[in-house]
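The structure appears right after this line, and notes come after that.
Worth saying up front: this structure is predicted, and the values here are computed from it rather than measured. Lettering of chains follows the sequences in order, A, B, ..., and the numbering in each one begins at 1.
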Protein chains: 2
Amino acid sequence: MIIMTRMHYTRDNMAGLLRGHDINPTHQRIEIAHALFSRQEHLSADQVMAIVNTRHSETSKATVYNTLKLFLEKGLVREVIVDPSKVFYDPNTSPHHHLYEVDSGKLSDIDATQVQISGLPPLPAGMVTEGIDLIVRVRRTD
Amino acid sequence: MIIMTRMHYTRDNMAGLLRGHDINPTHQRIEIAHALFSRQEHLSADQVMAIVNTRHSETSKATVYNTLKLFLEKGLVREVIVDPSKVFYDPNTSPHHHLYEVDSGKLSDIDATQVQISGLPPLPAGMVTEGIDLIVRVRRTD
DNA sequence: CATCAATCTGGACTTTGTCTAATTTCCGGA
DNA sequence: TCCGGAAATTAGACAAAGTCCAGATTGATG
């Protein structure tokens with residue numbers, strides 16, 4: 001596992017990041033990784049596509065979806081399911097939770113090191129935890 | 001608010017439940033409520049539609065979606081967002097969390113009274129919590 | 001019975017995501 | 001450098017969930 005701390009998210013460094021996660025760094029993959037990591041934001045597939053194709057159309061829809069799925073499998077990004085209509089991809093894979101502003105759709109991180117979850121019942125036999133998602137849904141007081 | 005404890009979820013009782021939540025009890029709404037409450041399960045919109053229309057086609061897709069949204073607004077059911085491809089509706093509105101079996105898509109409840117969540121940071125100003133969703137994603141050990 | 005508001009309906013439409021077959025790119029070896 | 005094959009990308013057809021709308025139905029009230 002490669003951890004990049006306080007580093008510029010240049011396209012060159014993206015290539016290294018991808019290699020470190022066993023991903024063949026192609027043009028398209030580098031662009032997609034760059035979109036996610038340089039922003040450090042939660043992006044949906046169509047947002048990624050829009051960013052990557054701003055200048056000239058470069059990357060197809062199929063590739064964006066394939067690549068995000070690949071990144072997910074390789075542990076490079078996390079999937080965040082908060083909005084019924086689209087999946088977000090999160091370049092932050094360290095343990096954290098999410099704050100979701102229902103009206104605006106804005107999604108932000110909550111550091112997990114401060115948060116304690118206790119009293120969860122034992123898992124059914126033959127099951128392992130794949131992850132615990134904690135989502136705080138908030139709304140503007142109006 | 002009406003709480004129905006240890007009661008048969010007959011269609012007649014559904015009418016009362018709906019009225020208690022300020023919902024005009026029509027045929028279709030009673031059928032949909034009955035589908036959810038008699039099973040006490042998490043159902044997606046298309047599952048509800050399939051159940052309601054088993055005998056003869058009775059209720060349109062639009063009505064199923066409208067009705068579930070209405071139930072949600074009136075606090076009769078809860079929305080559970082765990083599967084990127086469909087929303088589940090949960091007739092259990094008492095505080096609880098969810099256990100989601102990733103492979104099978106099976107969703108079950110975790111009673112919230114045992115579970116403690118502490119150390120959450122204060123909310124941004126002008127925000128109120130609408131709900132906290134805790135989802136434990138599990139997978140079969142194979 | 002007539003009226004009016006509430007509800008329901010079919011079906012067209014949108015959006016997110018998947019699939020496939022054909023093409024392009026990349027890389028190692030002759 | 002050229003060749004061959006594997007990996008990656010592509011366009012576009014397709015699928016599924018959900019929305020929208022204009023017209024039809026229902027049901028309560030006078």
Side-chain angles (χ1 to χ4, degrees), chain A residues 11 14-15 18-19 21-36 42-53 55-74 76-77 79-90 102 105 107, chain B residues 11 14-15 18-19 21-36 42-53 55-74 76-77 79-90 102 105 107:
Chain A
R11 285 172 176 75
M14 286 303 103
L18 294 178
R19 276 193 212 93
H21 282 262
D22 242 340
I23 298 169
N24 195 357
T26 65
H27 283 307
Q28 289 87 343
R29 290 172 181 172
I30 289 172
E31 284 306 311
I32 292 171
H34 186 254
L36 279 161
H42 308 80
L43 299 177
S44 63
D46 62 314
Q47 288 176 310
V48 169
M49 181 132 87
I51 291 170
V52 166
N53 289 334
R55 299 185 165 282
H56 3 280
S57 189
E58 294 161 347
T59 304
S60 72
K61 186 168 64 152
T63 298
V64 170
Y65 280 95
N66 289 342
T67 301
L68 289 171
K69 194 182 285 182
L70 178 69
F71 285 5
L72 184 64
E73 282 165 11
K74 298 295 189 176
L76 194 61
V77 300
E79 211 178 32
V80 186
I81 301 169
V82 283
D83 182 316
S85 75
K86 58 181 57 163
V87 173
F88 286 97
Y89 293 88
D90 186 347
V102 177
L107 188 60
Chain B
R11 285 171 176 75
M14 286 304 103
L18 294 178
R19 274 191 213 95
H21 283 260
D22 243 339
I23 298 169
N24 195 359
T26 65
H27 282 306
Q28 289 88 341
R29 290 171 181 174
I30 288 172
E31 284 306 312
I32 291 171
H34 186 255
L36 280 161
H42 309 80
L43 299 177
S44 62
D46 63 314
Q47 287 175 312
V48 169
M49 182 134 84
I51 291 170
V52 165
N53 289 336
R55 300 185 163 283
H56 4 278
S57 188
E58 294 163 346
T59 305
S60 71
K61 186 168 64 151
T63 298
V64 171
Y65 279 96
N66 289 343
T67 301
L68 289 171
K69 194 181 284 183
L70 178 69
F71 285 4
L72 184 65
E73 282 164 13
K74 298 294 189 179
L76 193 61
V77 300
E79 211 178 31
V80 186
I81 301 170
V82 283
D83 182 317
S85 74
K86 57 181 56 163
V87 174
F88 286 96
Y89 292 88
D90 186 346
V102 177
L107 188 59

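When the C1' atom of C:dT7 is taken as reference, atom NZ of B:Lys74 falls 14 Å away, rounded to whole Å. We find that CG of B:Leu70 is positioned 16 Å from C1' of D:dT19, with the value rounded to whole Å. Here the P atom of nucleotide C:dT16 and the CD atom of A:Gln47 are 10 Å apart, to the nearest Å. Here the P atom of nucleotide C:dA6 and the CG atom of B:Leu18 are 18 Å apart, to the nearest Å. The CE atom of A:Met49 sits 13 Å away from the P atom of C:dT15 (whole-angstrom rounding). Across the protein-nucleic acid pair, B:Glu31 atom CD and C:dT9 atom P stand 12 Å apart, rounded to whole Å. Counting to the nearest Å, the C1' atom of C:dT16 and the CD1 atom of B:Ile81 are 15 Å from each other. Remark: P of D:dT9 and CD1 of A:Ile23 are 11 Å apart, rounded to the nearest angstrom.
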Distances under 3.5 Å only, N/O to N/O: pair up the protein atoms with those of nucleotides 4-7 of chain D.
none

Nucleotides 17-24 of chain C: which of its N/O atoms have a protein N/O under 3.5 Å away?
from   : atom 1 : to      : atom 2 : distance (Å)
C:dG17 : OP1    : A:Val87 : N      : 3.2
C:dG17 : OP2    : A:Tyr65 : OH     : 3.1
C:dG17 : N7     : A:Lys61 : NZ     : 3.4
C:dG17 : O6     : A:Lys61 : NZ     : 2.7

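For D:dT9, the OP1/OP2 oxygens have no side-chain nitrogen or oxygen of A:Thr63 closer than 4.0 Å. Contact annotation: B:Gln28 side-chain N/O to C:dT9 OP1/OP2 distance is under 4.0 Å. Remark: A:Thr59 is not in phosphate contact with D:dT9, judged by side-chain N or O atoms under 4.0 Å from OP1 or OP2.
Not counting sequence neighbours, the partners of A:Ala35 by the side-chain contact (heavy atoms from CB on, under 4.5 Å) test are A:Arg39, A:Ile51, A:Val52. Residues meeting the side-chain contact (heavy atoms from CB on, under 4.5 Å) test with A:Glu73, sequence neighbours left out: A:Lys69, A:Leu70. Under the rule for a side-chain contact (heavy atoms from CB on, under 4.5 Å), the partners of B:Thr67 that lie at least two apart in sequence or sit in another chain are B:Arg29, B:Ile32, B:Thr63, B:Phe71. B:Asp46 is linked by a side-chain hydrogen bond (donor to acceptor under 3.5 Å, both in side chains) to B:Ser44, counting only residues two or more places apart in sequence or in another chain.
No side-chain heavy atom of A:Leu18 sits under 4.5 Å from any side-chain heavy atom of A:Thr26. With a 4.5 Å cut-off on side-chain heavy atoms, A:Tyr89 and A:Glu79 count as touching.
Pairing each heavy atom of B:Val82 with each of A:Ile81, the nearest pair is O-CD1, 3.4 Å. For the residue pair B:Lys61 and B:Met49, the shortest heavy atom distance occurs at CA-SD, 3.5 Å.
Between the side chain of B:Asn53 and the backbone N or O of B:Glu58, at least one donor-acceptor pair lies under 3.5 Å.
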